[in-house]
Amino acid sequence: METIVFYVFAALSVAGALLVITHRNPVSSALSLVLTLFSTAVLFVLLLAHFVAAIQILVYAGAIMVLFLFTVMFLNLSPEALKFDSKNMAFKGSLLLAVLVFVGYFASLGFRRVFSEKDLSSSVSEGFGTVEGVGKVLFTDYLLPFELTSVLIVAAIIGVVAIAKRRES
């Protein structure tokens, strides 16, 4: 069962990522990214990394997506680029609802399984997926990639602001 859930959400994650790069509407791309982030969070739950899954949803699907949408609005796109495709809205809404129910069901299965097990797998290291474990690994083994990622994000933000300023003048 766990393997099937993993493949389903891995496929959803890849499908969401493909939708991010194939949509013409940037808002639809951002919403597809939310699907990818939620699917990835379920994968983290399957890996018993609940803290990382919660951070994935709170930080990336919440705060970062709001930042992306502000950036899209800041770029002052034409109304045609932001036009929402209202064709087949009932089908799209039903599909989105089905995906959310599916994600919620399997996420609850993952949480129930973790809380019902008294003995976790011995292959998982002590503190894996906890705040302390993530912090220890992040600031010891992965300090350089963590810092490089922050520099990359700052460079992307500066690039977006520079592009927006150039269009104004």
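- Criterion: ILVMFWY side-chain heavy atoms under 4.5 Å apart, direct or through other members. Under it, Leu12 and Leu19 are not part of a common hydrophobic cluster.
- From Leu144, atom CG reaches atom OG1 of Thr149 across 9.0 Å, with rounding to the nearest 0.5 Å.
- Atom CZ of Phe68 sits about 10.0 Å away from atom OH of Tyr60, to the nearest 0.5 Å.
- Pairs passing the ring-ring contact (aromatic ring centres under 6.0 Å, His included) check and including a residue from residues 133-157, sequence neighbours excluded, read Phe139-Phe146.
- Note on Phe44 and Val34: same hydrophobic cluster, where clusters join Ile, Leu, Val, Met, Phe, Trp and Tyr whose side-chain heavy atoms are under 4.5 Å apart, directly or indirectly.
- Between Val52 and His50, every side-chain heavy-atom pair lies at or beyond the 4.5 Å cut-off.
- Looking only at side-chain heavy atoms (C-beta outward), Met65 and Leu37 come within less than 4.5 Å of each other.
- Looking at heavy atoms from C-beta onward, Ile153 lies in side-chain contact with Ile157 at the 4.5 angstrom threshold.
- Counting only distance, with no hydrogens or angles, the side chain of Ser13 and the backbone of Ser39 share no donor-acceptor pair below 3.5 Å.
- Rounded to the nearest 0.5 angstrom, Ile163 CD1 and Ile158 CD1 are separated by 12.5 Å.
- To the nearest 0.5 Å, atoms CZ (Phe38) and CG (Leu33) are separated by 11.0 Å.
- Judged purely by atom type and a 3.5 angstrom limit, Ser32 uses its side chain to pair as donor or acceptor with the backbone of Ser28.
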